[in-house]
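A quick note: this is a predicted structure, and the numbers were derived from the prediction, not measured.
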Amino acid sequence: RRERQKVSNEELKEALINRRPIIARIPSMGEIEYAYVSAIIYRRNERGGVDVSAKIMDKCLHSVTTIDPKHIQYKEG
């Protein structure tokens with residue numbers, strides 16, 4: 001099995017715009033396929049930096065999950 005590459009910030013923005021299917025690698029659950037990235041959220045943290053999170057739409061298009069972008073990878077194929 002080929003190792004998937006995690007997405008860069010530019011690829012995350014591209015995934016949002018193009019609604020490209022993604023895979024979320026959730027440590028306690030393994031790999032789960034999602035329909036697309038529905039939002040990218042930038043929040044100022046207490047240290048003055050910026051925290052990034054992504055909202056990802058499930059395959060049934062009924063719910064979203066908030067996830068750290070480092071766990072998102074493009075679906076192959």
- Cluster link I22 to M57, ILVMFWY, side chain under 4.5 Å: no

- Task: Verify, without hydrogens or angle tests, whether H71 (side chain) and R25 (backbone) share a donor-acceptor contact under 3.5 angstrom.
- Result: yes

- Message: Quick one: does any side-chain atom of D58 pair with a main-chain N or O of Y34 as donor and acceptor, under 3.5 Å?
- Response: no

- Query: Rounded to the nearest 0.5 Å, how far apart are OH of Y36 and CG of L16?
  - Reply: 10.0 Å

- Note on the structure: Distance col, row T65:OG1 vs I56:CD1, nearest 0.5 angstrom, shows 5.5 Å

- Taking the side chain from H62 and the backbone from C60, do they hold a donor-acceptor pair closer than 3.5 Å? yes

- Item | Backbone N/O of T66 and side chain of S53: donor-acceptor pair under 3.5 Å | no

- Can R20 be said to sit on top of Y74's aromatic six-ring, NZ or CZ under 6.0 Å from centre and within 45° of the ring axis? yes

- Any chance you could lay out the side-chain contact (heavy atoms from CB on, under 4.5 Å) test for K13 and I40, step after step, and finish with the verdict? CA-CA 8 Å; K13 290 176 193 175; I40 302 170; 4.1 Å; yes

- Any side-chain heavy-atom pair from I23 and I72 closer than 4.5 angstrom? no

- Task: Establish whether L12 and Y42 are linked, either directly or via other cluster members, by ILVMFWY side-chain heavy-atom contacts under 4.5 Å.
- Result: yes

- Task: Indicate if I41 and I26 have the same hydrophobic cluster label, given that clusters are the connected sets of ILVMFWY residues with side-chain heavy-atom separations under 4.5 angstrom.
- Result: no

- Item | S8 backbone acceptor or donor facing E11 side chain under 3.5 Å | yes

- Message: Please say yes or no: joined through hydrophobic side-chain contacts below 4.5 Å, possibly via intermediate residues, are I17 and V64 part of one cluster?
- Response: no

